[in-house]
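Values below: all heavy atoms of this structure, side chains included; hydrogens, waters and symmetry mates excluded. Naming convention: chains lettered A, B, ... in sequence-line order (proteins, then strands); numbering from 1 in each chain.
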Amino acid sequence: MTDGDACSACDALARARSGDAAAFTTLVRRHQRAVYSLALRMLSDRGKAEDLAQEVFIRLHGKLALVQSETHLLFWLRQVTSRLAIDRLRRETRYEQLPLPQDLPLAAESSSGDPLLQQQLRGLIAQLPAAARAVVLLRYQEDLDPSEIAQVLEMPVNTVKSHLKRSLERLRERLTGEAAVPAPRTDDAPL
Amino acid sequence: MSDDLEKQLREALRHVDPPPGFAARVSARTQSEQRHRWLAARHRWVPATLAASVLLSLLVAYGWQLRHEREQGLAARQQLIEALRLTGEKLDLAYRGVQDASKPAVPPDTGDT
């Protein structure tokens, strides 16, 4: 973020805190991709992800007075999104094992890399336990380091590192295992 | 492999757009909730006033009922007293009648002594 962008961000935050609805909408537009993406990859369901993302911003609207800066805002959004998503996953009696059914159009935004491999990775991440999933997403989607992840999720740094290590090992095993025994694909096979 | 996997993860986890109109929907919900909060704050005195009015009405009704019962009781007592008085008078008359009827005839005094 450039200095100009930082100024603009702080200005929108200050105006939103004083009740400016348009400024709050600016904040929503600025952060909606991050919040929605985190919710989507946690819950693996677009409808639920939108519900959760809306809930996060509704809560933000009520807590604007507590947000002190743009940095604090980012921290708050990631923390609340992760926490709400983990709570919802734990309340559900079953976990979505399949990746997003219409994942390919979204993946088309990626300009490089193997889209099929990326889709496979997203599917494997969706099979991780809730806390490990949140750690992986905060690390590789939000680009946070382990100490920052520990603060967001309120867990010890060593636990974060342990989740990361085990999750990467699991992903590697699954990728290697699936690459070694390619299954025949049909139109109905989950991607 | 690790670096490659991490690179692939970053690529796979790029941010995506929410459905169209997301910000507008959030804005509509926040404004709606703000209106609800404003109405609730403005009218928070209504339930308390209603409760106080109901309580006052109950107290007034109870007081009126007590007074009414007391007046009825007093009237009943007055009637009873009157009835007893009348009964007493009649009994008295009857008693005097019985007494007069049972007295033997007293002869006139002859003066022999």
Side-chain angles (χ1 to χ4, degrees), chain A residues 19 21-22 24-41 46-47 49-50 53-62 100 103 105-107 109-115 117-125 136-137 139-143 164 167-168 171-172 175-176, chain B residues 1-70:
Chain A
F24 180 74
T25 305
T26 302
L27 288 182
V28 172
R29 289 207 175 97
R30 186 171 291 149
H31 297 289
Q32 64 185 13
R33 282 169 59 90
V35 170
Y36 177 74
S37 300
L38 187 55
L40 182 63
R41 271 93 189 233
R46 287 209 182 93
E50 180 170 356
Q54 282 195 20
E55 174 73 24
V56 170
F57 284 112
I58 302 296
R59 288 188 184 210
L60 173 66
H61 190 259
L100 299 169
D103 192 75
L106 295 177
E109 288 193 32
S110 300
S111 57
S112 62
D114 179 355
L117 172 61
Q118 289 165 16
Q119 190 175 16
Q120 201 175 4
L121 281 171
R122 284 190 289 269
L124 292 172
I125 288 169
V136 168
L137 291 174
R139 178 78 186 99
Y140 297 108
Q141 177 176 300
E142 300 303 309
D143 205 26
L164 271 174
S167 298
L168 286 178
L171 292 175
R172 217 170 274 123
L175 283 174
T176 311
Chain B
M1 171 63 175
S2 175
D3 287 345
D4 187 54
L5 175 59
E6 289 183 323
K7 185 177 168 226
Q8 290 293 338
L9 280 168
R10 287 193 173 88
E11 289 289 333
L13 297 176
R14 286 178 181 231
H15 288 169
V16 295
D17 286 321
F22 175 82
R25 285 191 289 282
V26 169
S27 179
R29 273 188 68 182
T30 53
Q31 283 174 22
S32 169
E33 296 209 357
Q34 202 168 18
R35 264 197 305 275
H36 284 139
R37 277 199 298 268
W38 180 80
L39 282 172
R42 191 176 180 202
H43 295 123
R44 68 179 179 275
W45 55 268
V46 169
T49 307
L50 272 175
S53 301
V54 167
L55 188 61
L56 188 62
S57 304
L58 285 172
L59 285 172
V60 165
Y62 182 64
W64 180 86
Q65 190 180 356
L66 279 179
R67 184 180 163 188
H68 182 65
E69 283 175 1
R70 186 164 178 269

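For a residue to count as touching a neighbouring chain, one of its non-hydrogen atoms must lie under 4.5 Å from one of that chain's; by this rule A:I58 touches chain B with backbone and side chain alike. Using a 4.5 Å cut-off between heavy atoms, A:A34 contacts chain B through both its backbone and its side chain. At a 4.5 Å heavy-atom cutoff, the contact between A:I125 and chain B is made by side-chain atoms alone. With a 4.5 angstrom heavy-atom cutoff, B:E33 touches chain A only via side-chain atoms.
With hydrogens and angles left out, the side-chain atoms of A:Y36 and A:E50 include no donor and acceptor closer than 3.5 Å. B:H15 and A:Q32 are not linked by any side-chain donor-acceptor pair at a separation below 3.5 angstrom, with hydrogens and angles left out of the test.
Under the 4.0 Å criterion applied to side-chain N and carboxylate O atoms, A:R139 and A:E142 are not assigned as salt-bridge partners.
Nearest approach of B:A12 to A:R122, heavy atoms of both residues: O-NH1, 2.6 Å.
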